[in-house]
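Sequence lines set the chain letters: A, B, ... in the order given, protein chains first and strands last, and positions in each chain run from 1.
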Amino acid sequence: MPVQTNAVPNASISRLLTGYQALEGTPDELMGLDGQIRPVWAGLLSALDAMSPSELSLRITRGEQYLRDAGVFYRRYGPQGSSDRDWPLSAMPVLIDEDEWALINTGLSERAELLEQVVADLYGDNTLVANGFIPPSLIADNPEWLRPLVGIKPRSDHYLHFVAFDIGRGPHGQWWVLGDRTQAPSGAGFALENRIATSRIYSDIFARSNVNRLAGFFRNFRDTLLDLRAEDDSRVGILTPGPMNDTYYEHAYIARYLGLMLLEGEDLTVRDGRLMVRTVAGLRPISVLWRRLDAAWADPLELDENSRLGTPGLLGAVRDGTITMVNALGSGILETKAFLAFLPRISEALMGKPLAIPNVATWWCGQEAERNYVKANASRMTIGNAFATRLLLDHDDMSAPKNSSEFGADSHLEGFIDRGAAHLVAQEVVTLSTTPAFKNDVLSPHPMSLRVFLARTAKGWQVMPGGFARIGPAGNSSSLAMQSGGAAADVWIVSKKAVRTESMLEHPSAPFVRQQQAVLPSRAADNLFWMGRYVERAENTIRMLRAFHLRFVETGSAETLLLKQVSKHLTTIGADPSKGLPLGVVQTLSSATAAASHVRDRFSLDGWLALDDLSKTVGKMVKTATPGDDMARAMSVLLRKLSGFSGLVHENMYRSMGWRFLSIGRSLERASSLVSLLTAFTKDDAVDGSLDLAVEVADSTMTHRQRYAVATNRSTIIDLLALDPLNPRSVIYQINQISEHMAFLPGVDANSQLSPLQSIILKTRTNLTVMLPEAVETETLSTLGTEIAQLSNLLTANYLR
Amino acid sequence: MLYDITLNIAYDYEHPAGASRHIIRLAPADLPGEQRQVVGAIDVVPKPAESRLQKDFFGNNNVELAFFDAHKKINFSVHSRVERFHVEPKLYVAPTLLQLIDDISAHKSLGAWAPHHFLGSSSRVPLDNATTQYALNHVKSNFSILEIVMAIGEGLHRDFKYDPKATTVETPMLEAFHGRRGVCQDFSHIMIACLRGLGIPAGYVSGFLRTKPPPGKKRLEGADAMHAWVRIWCGSQLGWMEYDPTNSTLAGTDHVIIARGRDYADVAPIKGVLRSHGKHTSTQKVDVISIEH
């Protein structure tokens, strides 16, 4: 169906637009000032109108299902700590005509170039201050002006490579810039996810609606990043603050999408002025970092010394010109709200013309005339911190003086403004345009702002043809922030002609991406290793708990000799069974989830969801499960879920270096828990039933029955659980597994002398292979336990530090 | 005045530190017209794997050191011969606060010693009503900048007790202020807060103090460790002067300068991040011996 170019009267789209009324004095994206539907919406609206309500709701469900399956979430902070929330997608995209977009494109590209010149001046000659365009105190008192970076020229010759602007449409239909995002703008990945989910909803409609595609923008930017490298063997990474950050999901997503390494500060170290990644194969150079970490945290040695997220010495590498930061450290100063007051004049001075797209009117209270103007007009302004870098509508602002108690002791706005003068900025309250969103099956107008993304490429600034729309609750333009309950929507830039379909894959540089992923940072390996260990540890504890509670049900008492023994053993591993599900299990699983959360870019989504499900189930059980039958059943449920998770990981996970560390972790933990099981339950004076319990906990009851014609005795147990190379639940089987994985680890050369790690594993293997069950004493087991611990320590020292 | 200066600092860690990177500012500065380093050397044990020298924003020497191997101890020792010149103070034309404010707004530069850097809160010196009010209680509206500095300095000397046990290097300025005791670092930070509260640009100086006083003079407080005092901008004509609030005296030839900045955080003698856990102890020994007069 071709897109219609004529205005469509509202009556013909009666159902969805029932009661749709643009607000007085507020422009609407859908409806022109003349009350007519803008042509760009006509195609989508007719298609929607042709749909039955049930079809529409089915389609929306499809989009939401995608977001859930893809695990899209954001972290929301609240009084009770932070939590992951479902992604609040508004199913109705925002449609903008390509011709109008071209104007935005030009205006914002010019603005990006202006900001580049401003930041270069602030870290260079400071002519803007010398010539009176920016007051010196606004820079000197600015926490984002990083003195250690003054005078350092970026290696790429540019400070800004990837920026975003928040824009909104004002009362007369013109676009305004609401804020500049130059530090580490987020949202581009979420924009992609919004696009994928929205195109699931409107699959057929989307395909014929001439919507500009997003992939080309990302592909060009990835190529730009690769071109910024110093040499072909160095790498490009995304530097993230880690899983506690509100947009960590996006960092992992972009890293996967672009095939770049996802790194935390701890992954990096500096050697002789070069930035290196700690990998399992030693230090590897990196020369481009797309930074999603605020600059102040990047280097605790020269910037904020309280940072635990950064890399000591990073600034040395910046100073030596061996690393390109996207964007340069210190660029965040451009986000300072007070700058909006000075940019119009700076544009005239530096570019010789006014801003193509004006920013929202702003007054810095540090100047007397401006201060007096603000005092006289405060009722239509928002007054806030001049150095704030948040968006106008985020919540760190004080609003106009509705409640004078906010303003301190003398409770006068004027006194408040005078006292804080140089640190205050006032902005005109703007009413933003509205755009349709679904509410109770019909469309109603909701306030909207757009985040638009720009990347510097070899051909200059490129604007992503689309963006991230924030949608507020109907009738309220002051709560667009998702933190305060707003929603997000896709943005369609609609062409009058057919558009090229694009994807990331059609590019000749694709094989290169594979090479980029081939190094495994030590921290990622460490997290995978511990995830393997924790999951196995949880499984072992749960099996032991099940064995306990099954026997408790039979005997009706926990005071039998055997159960006392089991209880003692469980207590030593942090899982006292007397009161239902012990917290130790919850902690072990949450440690596993925490480890997994650091490697979301390397870990399958299904595996993540299975682990998350497991944690949630345990979280519920810990409140409800009661000793006895209930616990025994609950443990069986958990064991089934655990084997589901293990199946996903071990059947489906790519046999990467990371998978090997995860597997080694699992094997080590299993070997170690088997040794402690045997130590506790095969002593010569072990109480009745100990041996059967050991076989049961090791999940080898069936095997034992088939392999031995005799009843369980100490020798058969030792043979089956320690020495039988065919039983996956034996120590030797696990040691053999570790040995096989070791052969693939970096630095292992069959012809060179054995490393301490190789010799200990060879020794342990050999001892177990030639050992006879009768010869295994308590002391033998204790030596074996020590060897396994040494193995873990050596492995950690060699690969995981 | 010619001095031989020795400084020893030793760190002992409970558990070996895996790897660490530090910035040290321990050696006397070379400052044309004020101070000249004749000879000087810094020894570090164990030997650092990397070592480089660079100037920071304020022109101080920063030595960056990195250790890659585990170590349980680090020793820093500095030996230096320094000549400290006598600079005649030209304070007879000190401006008033109002003149100073005009000078500041006329100063359109962000160079290292532009007054603008030394007016707002800095990481160790938050501006606070309590310190500003304290400063206001000690000055009269017709005071010159010099009189303000003296009045606040003498006030601090009277109201605060020099007490090395009361605070540590981490104690926040306001805690020392309300406790009314501390050491040179606390005295200096408090005085900086007082002056900035009035709109007077003030910074922090780290350095050494002559160990034995000249014959007939009292031994100064703080001479057995590294010292700190305050730097004040007195308008575009006079520029900077330095005052030692711990001893309520102008800083002169008894004071040997290492580094200058906004507060302790800019000039901390040893900064660095350790990949270690557990406690560490440190000892410090300073000798500043006059070798003439």
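- The residues Asp263(B) and Arg196(B) are annotated as not salt-bridged, no charged nitrogen and carboxylate oxygen being separated by less than 4.0 angstrom.
- Between Asp121(A) and Thr127(A), the shortest heavy-atom distance links the atoms OD1-OG1, 2.7 Å.
- Atom CG of Asp30(B) sits about 8.0 Å away from atom CG of Asn61(B), to the nearest 0.5 Å.
- Per-residue heavy-atom pair counts under 4.5 Å with chain B were compared for Gly151(A), Pro143(A), Pro136(A), and the maximum is reached by Pro136(A).
- Of the listed residues Leu122(A), Val129(A), Asp141(A), the one with more heavy-atom pairs under 4.5 angstrom with chain B than any other is Val129(A).
- Note on ring orientation: taking the six-membered ring where Trp is involved, the planes of Trp363(A) and Tyr373(A) are tilted (angle from 30° to 60°).
- Using a 4.5 Å heavy-atom threshold, the side chains of Leu263(A) and Thr240(A) count as separate.
- Contacts of Asp272(A) with chain B are made by both backbone and side-chain atoms, with heavy-atom separations under 4.5 Å.
- Using a 4.0 Å cut-off between charged side-chain N and carboxylate O, Lys271(B) and Glu64(B) make no salt bridge.
- Top candidate by heavy-atom pairs under 4.5 Å with chain B, chosen from Asp304(A), Ile139(A), Val270(A), is Val270(A).
- Neither the backbone nor the side chain of Phe118(B) has a heavy atom closer than 4.5 Å to any heavy atom of chain A.
- With a 4.5 angstrom heavy-atom cutoff, Asp320(A) touches chain B only via side-chain atoms.
- Chain B forms more heavy-atom pairs under 4.5 Å with one residue of Glu302(A), Arg271(A), His423(A), Arg319(A) than with any other, namely Arg271(A).
- If you tally non-hydrogen atom pairs under 4.5 Å between each of Leu110(B), Asp56(B), Ile23(B) and chain A, the highest count goes to Leu110(B).
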